Asker: 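The structure under discussion is supplied below as structure tokens; questions concerning it will follow.
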Amino acid sequence: MKFGFRKPSLKKSIKARTTGKLKRKVKKAVIPFYGKKGTGIVKNPKKAVYNKVYHRTSFSIFGIFKKLLKK
């Protein structure tokens with residue numbers, strides 16, 4: 001388990017920002033629970049708990065910048 005600073009991945013952040021609306025609409029039409037909150041715990045509880053703990057115990061450099069700019 002990682003604690004502290006999360007190393008940012010430029011490749012993953014670009015991929016996340018460029019996934020189109022059309023692709024999401026198609027997936028939502030085919031997969032009934034696609035994009036719904038809370039379905040991770042149903043599909044894979046072990047992974048869902050790990051991710052929840054990971055995101056609470058680590059932080060991103062971008063999150064720090066967001067908080068500084070917000071004030």
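Note that the coordinates shown come from a computational prediction; the quantities given were computed from them, not determined experimentally. Residue indices begin at 1 and follow the sequence shown.
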Asker: side-chain contact (heavy atoms from CB on, under 4.5 Å) with Lys28: which residues, sequence neighbours excluded?
Answerer: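 If we apply the side-chain contact (heavy atoms from CB on, under 4.5 Å) test to Lys28, skipping adjacent residues, the hits are Tyr34, Lys36.
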Asker: When you group the ILVMFWY residues by side-chain heavy-atom contacts below 4.5 Å and let the links chain together, are Ile61 and Leu68 in the same group?
Answerer: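 Result: yes, single cluster for both.
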Asker: Under 3.5 Å, which donor-acceptor pairs link side chains of residues 9-16 to any protein atom two or more places apart or in another chain?
Answerer:
{"residue": "Ser9", "atom": "OG", "partner": "Lys12", "partner atom": "N", "Å": "3.3"}
{"residue": "Ser13", "atom": "OG", "partner": "Ser9", "partner atom": "O", "Å": "3.4"}
{"residue": "Ser13", "atom": "OG", "partner": "Leu10", "partner atom": "O", "Å": "3.0"}

Asker: Verify side chain to side chain contact (heavy atoms under 4.5 Å, CB included) between Asn44 and Lys46, making sure each step is shown before the conclusion.
Answerer: CA-CA 6 Å; Asn44 192 345; Lys46 189 176 178 182; 4.0 Å; yes
Asker: When you check the side-chain N and O atoms of Ser60 and Arg6, is any donor under 3.5 Å from an acceptor?
Answerer: no
Asker: Sequence neighbours excluded, which residues qualify as side-chain contact (heavy atoms from CB on, under 4.5 Å) partners of Phe59?
Answerer: Phe5, Ile64
